[in-house]
2 protein chains.
Amino acid sequence: MDFEQADAVNQAIRLLSLRHRARAAALLAPLGLHPGQEVLLLELARTGPMIQAQISEAIGCEPPSVTLMTRKLEASGHITRTPAPSDRRASVVELTDSGRALADQVKQLWCTLAEETVTGLPAQTVGDLPGVLRTLAGNVDTRQPRPSHGRRAPA
Amino acid sequence: MDFEQADAVNQAIRLLSLRHRARAAALLAPLGLHPGQEVLLLELARTGPMIQAQISEAIGCEPPSVTLMTRKLEASGHITRTPAPSDRRASVVELTDSGRALADQVKQLWCTLAEETVTGLPAQTVGDLPGVLRTLAGNVDTRQPRPSHGRRAPA
DNA sequence: GGATAAATATTATGCACATAACTAATATGT
DNA sequence: ACATATTAGTTATGTGCATAATATTTATCC
């Protein structure tokens, strides 16, 4: 691949990252949320109570980041953290009533953002988009070891 | 759009942002660069000397961020900042020899990253990718005022 | 069962990027 | 020409996320 194309791809990803995040921040601000926190709320709403290690895995953030996120959401009363009975290292994270209500609002907002984001694209492209983006993300996943080249790792 | 789809889109963008940036960071580290700095070097290599306000516009970062980026790249000797003769507010940013050499290395690395990123996607999809991503980024641009809905603002 | 390894969470620290508030220089309007 | 508005850049501050180092608990292996 020549530099022009490569730059187009990398730059576009970078710009999209900045803008999408900024727009999410603008939409979340009225709810008193900062970007990143919404992901945690949605994950808890989807999956139910879970420990931080599971959250870390689910939302793709490192444990120290999860510590900070949960601490802040706990401080604002949207989640609780209780020691796990079976494992005294772990702490179970759970939505409060306030958190559940907020998650519902976030869901709506999430739809608004997604629709806004894909405006003007043909339905076909929109349908393929999540798969394509996930492939891209998987290809540059720094957690998994780099496959030597071109071949996909087996399941 | 229902929540499932919206979440798929938003989450995929978020994950791609995190991973692509992390991978870029891993590749740039051996060159002594942090992600973000490479964009400035490439822009200077492409366009030539420019003042910070132009850089801010070109790379999509706010002026205070540009101040920090340029300061650090100046400290590491890859760029110079000289007062503009015609406008004493502005400072002209320019690549040094070291910066030009580094930019060449970054170009190669940029190709590696892009190829790695799009691995496994059909050529058609890869070809369309920059355009699609730029559309997405444009749709959520917080700088431009939001069009009330669906209509594009006139030039 | 006692040493050792692994897992969970946290603290400390560093980076990019943002907004708000500010200074200094240039344009502009009467 | 002078008051005013705009523009270029900086400083101060706050956010998310990362890595490295650390305690504490649990699992594993003779």
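Each chain gets a letter, A, B and so on, in the order its sequence line appears, and its residues count up from 1.
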K.L.:
Please tell me if the side chains of Glu38(A) and Leu31(A) come closer than 4.5 Å, counting only heavy atoms from C-beta onward.
P.N.:
no
K.L.:
If you look only at pairs with a residue in residues 26-36 of chain B, which of them pass as a salt bridge (Lys or Arg N to Asp or Glu O under 4.0 Å), with sequence neighbours excluded?
P.N.:
none
K.L.:
My understanding is that only residues two or more places apart in sequence, or in another chain, count here; which of them pass side chain to side chain contact (heavy atoms under 4.5 Å, CB included) with Val93(B)?
P.N.:
Leu44(B), Gln52(B), Ile55(B), Thr70(B), Ile79(B), Arg81(B)
K.L.:
Mind listing the residues from residues 10-21 of chain A sitting with a heavy atom below 4.0 Å of DNA chain C? Number order is fine.
P.N.:
Arg14(A), Leu18(A)
K.L.:
Would you indicate whether the side-chain heavy atoms of Leu42(A) and Phe3(B) approach each other to under 4.5 Å?
P.N.:
yes
K.L.:
Check the pair Ser98(A) / His78(A) against side-chain hydrogen bond (donor to acceptor under 3.5 Å, both in side chains), numbers first and verdict last.
P.N.:
CA-CA 5 Å; Ser98(A) 145; His78(A) 302 309; 2.7 Å; yes
K.L.:
Could you give the distance from CD (Gln37(B)) to CG (Leu102(B)), rounded to the nearest 0.5 Å?
P.N.:
9.0 Å
K.L.:
Can you tell me which residue pairs pass the salt bridge (Lys or Arg N to Asp or Glu O under 4.0 Å) test with a partner in residues 45-58 of chain B, sequence neighbours excluded?
P.N.:
Asp7(A)-Arg46(B), Glu43(B)-Arg46(B), Glu57(B)-Arg143(B)
K.L.:
Any non-hydrogen side-chain atom of Leu18(A) less than 4.5 Å from a side-chain atom of Arg14(A)?
P.N.:
yes
K.L.:
Could you tell me which residues satisfy side chain to side chain contact (heavy atoms under 4.5 Å, CB included) with Ala53(A), sequence neighbours excluded, listed by chain and number?
P.N.:
Ile51(A)
K.L.:
For Pro49(A), check side chain to side chain contact (heavy atoms under 4.5 Å, CB included) against everything at least two apart and list the hits.
P.N.:
Val92(A), Glu94(A)
K.L.:
Taking the side chain as every heavy atom from C-beta outward, state whether His34(A) and Leu28(A) have any pair of such atoms under 4.5 Å apart.
P.N.:
no
K.L.:
To the nearest angstrom, how far is Glu62(A) atom CD from dG14(C) atom P?
P.N.:
19 Å
K.L.:
Look for any protein N or O under 3.5 Å of an N or O in nucleotides 24-27 of chain D and output each such pair with its distance, or none.
P.N.:
unit_1, atom_1, unit_2, atom_2, d
dT25(D), O2, Arg89(A), NH1, 3.4
dT26(D), OP1, Arg88(A), N, 2.6

K.L.:
Give me the residues of residues 32-46 of chain A where at least one heavy atom lies under 4.0 Å from an atom of DNA chain D, by number, or none.
P.N.:
His34(A), Pro35(A), Gly36(A), Gln37(A)
K.L.:
Give the intermediate values and the outcome of side-chain hydrogen bond (donor to acceptor under 3.5 Å, both in side chains) for residues Asp128(B) and Gln124(B).
P.N.:
CA-CA 6 Å; Asp128(B) 294 344; Gln124(B) 167 96 39; 3.3 Å; yes
K.L.:
Within residues 64-84 of chain B, which residues have any heavy atom lying less than 4.0 Å from an atom of DNA chain C?
P.N.:
Pro64(B), Ser65(B), Met69(B), Lys72(B)
K.L.:
List for me each residue that meets side chain to side chain contact (heavy atoms under 4.5 Å, CB included) alongside Ala25(B), sequence neighbours excluded, and say none if there are none.
P.N.:
Pro35(B)
K.L.:
Could you list who else is in Ile13(B)'s hydrophobic cluster, with ILVMFWY side chains joined at under 4.5 Å, directly or through other members?
P.N.:
Met1(A), Val9(A), Ile13(A), Leu16(A), Val118(A), Leu121(A), Val126(A), Leu129(A), Val132(A), Leu133(A), Leu136(A), Met1(B), Val9(B), Leu16(B), Val118(B), Leu121(B), Val126(B), Leu129(B), Val132(B), Leu133(B), Leu136(B)
K.L.:
What are the residues of residues 49-60 of chain B, sorted by number, that bring a heavy atom to within less than 4.0 Å of DNA chain D?
P.N.:
Ile51(B), Gln52(B), Ala53(B)
K.L.:
Indicate yes or no for a side-chain donor-acceptor contact from Thr142(A) to the backbone of Arg23(B) under 3.5 Å, with no hydrogens or angles considered.
P.N.:
no
